[in-house]
Each structure stands twice: as structure tokens, then as C-alpha cells.
Amino acid sequence: MTVAVYLPLEEKTTWWVEMLQGLLPGWDIAALDDITDPAAVRHAVVWRPRPGDMARFPNLEVIVSIGAGIDHVLADPELPKDVPIIRTVGDDLTQRMREYVALHVLRHHRDMPRQLRAQAENDWHAIVVPVAPNRTIGVMGLGNLGAAAAKTLAGLGFATRGWSKSPKTIDGVETFSGADGLEKFLPECEILVNLLPLTDSTAGILNADLFGKLPKGACVINCARGGHLVDDDLLAALGSGQIKQATLDVFHIEPLPKDHAFWTHPAITVTPHVASQIDAATGGRLIAANLRAFAETGTCPDMADAARGY
Ligand code: NAP
Ligand code: GLV
């Protein structure tokens, strides 16, 4: 019974193979590209597998995403449709996202980009901003990460609202759901944080129409997936002043191409998909526990729902 491991960087694959072998003694763990008997593979542990990678294994029972999102697995047009997917989540991933969201919301709230521009000109320019309860932050997606981020922002005192597919109740957070809820949610969001999964219904959701429904001068933080954002619509909204600043952690193509306009735009902060990378040692332990549970019971707490896309 073989576990096939694949990450885009060969040295990372080797590292994960060795780590999982240590955590799952008695299991046969191998780099996907080294597998000589595809019929023996029952489990795959992957980040951004290549199209056709999973279809090579006729007896595959489960695919583990090394991360919270499963869009990178579902993107494979040859993916065997009936193989369940486990995602990798946990306190470590949630904590890192809470830190990232708090950092960048506070940066936008306190207008740090403008403050730093003033410093560059030796300009003693005191920027006075509203106190947090008078600043409304909206979080799109209230799952594992979005709900934790919203609670963190509410804990900092912000007027916090959140939007999800189904109705939610979160202490200190005003919640909205569904298409109607989005129309009521957007007009107050001075800083918008995207933590939706990338699915057919959320692809391109950060577009001109949505930006137009935010208050003029809103800020946008995208820490979910590059596919949520229509790049040219953001550039146009920044140009018109409808959006004041944006922080982007994720992109259509990663690494972000060197000549992309986002790199040098004065109102955009680019981070290289680091909002919440799972700590490899913690992730390894979570994956080993999930694989053991799945092998024993046919399920585990972190099963994704491939049909709905997250
Ligand atoms: P999750 O637990 O699956 O939660 C997803 C949330 O989005 C749920 O609240 C869901 O609503 C909502 N949602 C889904 N489709 C929707 C729609 N069409 N309309 C409105 N709401 C919708 O996901 P998570 O673990 O919080 O992760 C979210 C995403 O963050 C991941 O998919 C990944 O892309 C991204 N991520 C990025 C990084 C990074 O470093 N940048 C790290 C980790 C994850 P319901 O609850 O009603 O279903
Ligand atoms: C990272 O982007 C993840 O999906 O965990």
C-alpha cells in the first residue's frame, strides 16, 4: 500500500517523503515520480499536482491536499471523480492567517502606506484615522480561516461583518449570507478581506461590479486565491480612486511574473503567498493522523466536499 507524494519542487517532495515515512512507520511512502507500480498506490499527498497525475493510479482511495484549498487538486481535468479529498487545516494555519489579516487590516486602517510616503519626504504628517469601532471591515468566507479572522478583527474592536454561503452566527460579528446578503454586506465594507475558496461560483468575484458596491476609497485584501480577482478591474478601480489600496498575497500565476503591473503599483502591496503556509512539521503530523484515521474508518475530520469545491 503506497502513498504517492508530489509537490512542484523536487527537494520539497523528498523532504515530505522522509518526514511522512518517519511519522507513518510500516507505510510505503514514495515520491510520485519514482513510483513503478501504480496499482499499489492507495493514497496521494499533493500540492498542485500536474494534470493526469492522479489518473495514473487505478486503486487510489484518497487524495490529501497539503493545504486548506482543494482547488489545485480539482483543477486537473483528468482527476478521477469519485476519489475523496482530505484538506490540511489546523491551529497553525489559522493562527498564521489571523496574524496576516490583523497586520494588513491595521496597515490599511492606519494608512501606513501614506505615512511611509510622508517619512520618505521628511514630512511630519500626522494622519488621524477613525477609532476601530468606527471602521467597518468585511470578511468574505466564514469557514475555518474567515471565521477566525473575523473574530480576531472583532477582538481588535473593529465593526466586523462577514459573508458566507449559508447563515452563520459569530459573536461580535454581523453576518450575511447568499446573493441577497452580499448586496447588504458590501456597501459598508471600508476594508474587504477575501477568504473564500476558489470555486465556479467565486472565481472572478473581486471584479468591477463588486468594487463599485464598496464605499469609495475602500481597501481590498486578497489572501485566498488569485483566481478570485479580475486583475484589470482592480487596476481600473485603483486608477479611479474607487479602491484606495490593495494587499495581494495570491495571484493567477505564481510566482507573480516579473513584468506584472502589480509589482510596482504604488497602491498595491504584494506578498508571495505567505499569508498562511502550513508549517511542514505540524502539517506532516496532521496529514499522518488523517491518513491513519481514513485507513481505519474511511473518513477523518478534515474531509473536503469535492462536489461543492471546498
Ligand atoms: P472553508 O473552511 O472551506 O470555508 C469556506 C467559506 O467560504 C465558508 O464559510 C463558505 O460558506 C464560504 N463560501 C464558499 N462558497 C461561497 C459562495 N459561493 N458564496 C458565499 N460564501 C461561500 O475554507 P478555509 O479553510 O477558511 O479557507 C479559505 C480559502 O483560503 C482556501 O480555500 C484557500 O484558497 C485560501 N487559503 C489561502 C492561504 C494563503 O496563504 N494565502 C492559506 C490557506 C488558505 P459556508 O460555510 O456557508 O459553506
Ligand atoms: C494555501 O494556500 C492553502 O490552501 O492552504
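Whatever order the structure lists them in is the order used to number ligands and atoms, beginning at 1.
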Exercise for review: From atom 5 (C) of ligand 1, work out which of Gly67, Pro197, Pro167, Ser164 has a heavy atom at the shortest distance.
Suggested key: Pro197
Point to revise | Between Glu99 and Gln95, a side-chain donor and acceptor under 3.5 Å | key: yes
Check your understanding: So does Lys151 pair up with Asp171, basic N to acidic O under 4.0 Å?
Key -> no
Practice item. Within a distance under 4.0 Å of any heavy atom of Ala68, pick out the atoms of ligand 2 and give their elements. Key: 3 (C), 4 (O), 5 (O)
Exercise for review: Evaluate the ring planes of Phe251 and Phe262, with Trp represented by its six-membered ring, and classify them as parallel (under 30°), tilted (30 to 60°) or perpendicular (over 60°).
Suggested key: tilted
Review point. Applying a 4.0 Å heavy-atom criterion (strictly less than), which segment of Thr199 is in contact with ligand 1: side chain, backbone, both, or neither?
Key: neither
Check your understanding: With a cut-off of 4.0 Å, which atoms of ligand 1 are near a heavy atom of His273?
Key -> 39 (C), 40 (O), 41 (N)
Exercise for review: With atom 4 (O) of ligand 2 as the reference point, say which of Arg87, His72, Arg225 has the nearest heavy atom.
Suggested key: Arg225
Check your understanding: Of all the non-hydrogen atoms in the protein, which one sits nearest to atom 8 (C) of ligand 1, and at what distance?
Key -> Gly143 N, 3.7 Å
Exercise for review: Using the rule that two of Ile, Leu, Val, Met, Phe, Trp, Tyr join whenever any of their side-chain heavy atoms come within less than 4.5 Å, decide whether Trp15 and Val3 are in one cluster.
Suggested key: yes
Practice item. Around atom 25 (O) of ligand 1, find the nearest protein heavy atom and jot down its residue, atom name and distance. Key: Arg87 NH1, 2.9 Å
Exercise for review: Scan side-chain atoms only and decide if Asp111 and Gln245 contain a donor-acceptor pair under the 3.5 Å cut-off.
Suggested key: yes
Check your understanding: Which atoms of ligand 1 have any heavy atom of Ala275 under 4.0 Å away?
Key -> 39 (C), 40 (O), 41 (N)
Practice item. Tell me which protein heavy atom sits closest to atom 26 (O) of ligand 1, plus the residue, atom name and distance to 0.1 Å. Key: Leu145 N, 2.8 Å
**Study point:** Least distance between heavy atoms, Ala154 atom then Val173 atom
**Key:** CB-CG2, 4.2 Å
Practice item. Can you sort out which atoms of ligand 2 are near Trp47, meaning under 4.0 Å from one of its heavy atoms? Key: 1 (C), 2 (O), 3 (C), 4 (O)
Exercise for review: Show your reasoning for whether side chain to side chain donor-acceptor pair (under 3.5 Å) applies to His273 and Asp249.
Suggested key: CA-CA 5 Å; His273 201 143; Asp249 185 54; 4.9 Å; no
Exercise for review: Provide, to 0.1 Å, the distance between atom 37 (C) of ligand 1 and the closest protein heavy atom, together with that atom's residue and name.
Suggested key: Cys223 O, 3.2 Å
Practice item. List every atom of ligand 2 that sits less than 4.0 Å from any heavy atom of Gly69, numbering the atoms from 1 in the order shown and giving each element. Key: 3 (C), 4 (O)
Practice item. Output the list of atoms in ligand 1 that are nearer than 4.0 Å to some heavy atom of Asp249, sorted by atom number. Key: 39 (C), 40 (O), 41 (N)
Point to revise | Aromatic plane relationship, His43 with Phe294 - under 30° parallel, 30 to 60° tilted, over 60° perpendicular | key: perpendicular
Revision key, fill the gap. Closest to atom 19 (N) of ligand 1 among protein heavy atoms sits Trp163 CH2, 3.3 Å
Check your understanding: Is it true that Lys213 and Glu188 have a side-chain N and a carboxylate O under 4.0 angstrom from each other?
Key -> no
**Study point:** Ala68: numbered ligand 1 atoms lying under 4.0 Å from its heavy atoms
**Key:** 25 (O), 44 (C)
Revision key, fill the gap. Min over Arg225, Gln277, Lys165, Met140 of heavy-atom distance to atom 11 (O) of ligand 1 lands on Lys165
Check your understanding: Judging by distance only, is a nitrogen or oxygen of Val89 under 3.5 angstrom from one on ligand 1?
Key -> no
Review point. Using a distance-only test with no angle check, is there a side-chain donor-acceptor pair under 3.5 angstrom linking Arg161 and Thr136?
Key: no
Exercise for review: Go through ligand 1 atom by atom and flag the ones less than 4.0 Å from a non-hydrogen atom of Met97.
Suggested key: 37 (C), 38 (C), 39 (C), 42 (C)
Review point. Among all protein non-hydrogen atoms, which one is nearest to atom 40 (O) of ligand 1, and what is the separation to 0.1 Å?
Key: Ser276 N, 2.9 Å
**Study point:** Residues Arg48 and His72: side-chain donor-acceptor under 3.5 angstrom
**Key:** no
**Study point:** Which of the ligand 1 atoms, numbered from 1, are nearer than 4.0 Å to a heavy atom of Val250
**Key:** 41 (N)
Review point. Any N or O of His273 that comes nearer than 3.5 Å to an N or O of ligand 2?
Key: yes
**Study point:** Numbering as shown, the atoms of ligand 1 that approach Asn144 to under 4.0 Å (heavy-atom distance)
**Key:** 2 (O), 25 (O), 26 (O)
Review point. Nearest protein heavy-atom contact for atom 46 (O) of ligand 1: which residue, which atom, what distance?
Key: Lys168 NZ, 2.7 Å
Practice item. Would you check if there is a donor-acceptor pair between the side chains of Lys168 and Ser166 at a distance under 3.5 Å? Key: yes
**Study point:** Distance from atom 29 (C) of ligand 1 to nearest protein heavy atom, with residue and atom
**Key:** Leu196 O, 3.6 Å
**Study point:** Inter-residue atom distance Ile86.CD1 - Thr299.OG1, 0.5 Å rounding
**Key:** 8.0 Å
Check your understanding: Could an N or O of ligand 1 be found under 3.5 Å from any N or O of Ser166, whether backbone or side chain?
Key -> yes
Practice item. Go through Ser276 and Arg96 one step at a time and tell me if the side chain to side chain donor-acceptor pair (under 3.5 Å) criterion holds. Key: CA-CA 5 Å; Ser276 184; Arg96 284 170 199 262; 5.4 Å; no
Practice item. Take Asp302 and Asn290, measure what side chain to side chain donor-acceptor pair (under 3.5 Å) needs, and give me the verdict at the end. Key: CA-CA 7 Å; Asp302 297 324; Asn290 279 337; 3.0 Å; yes
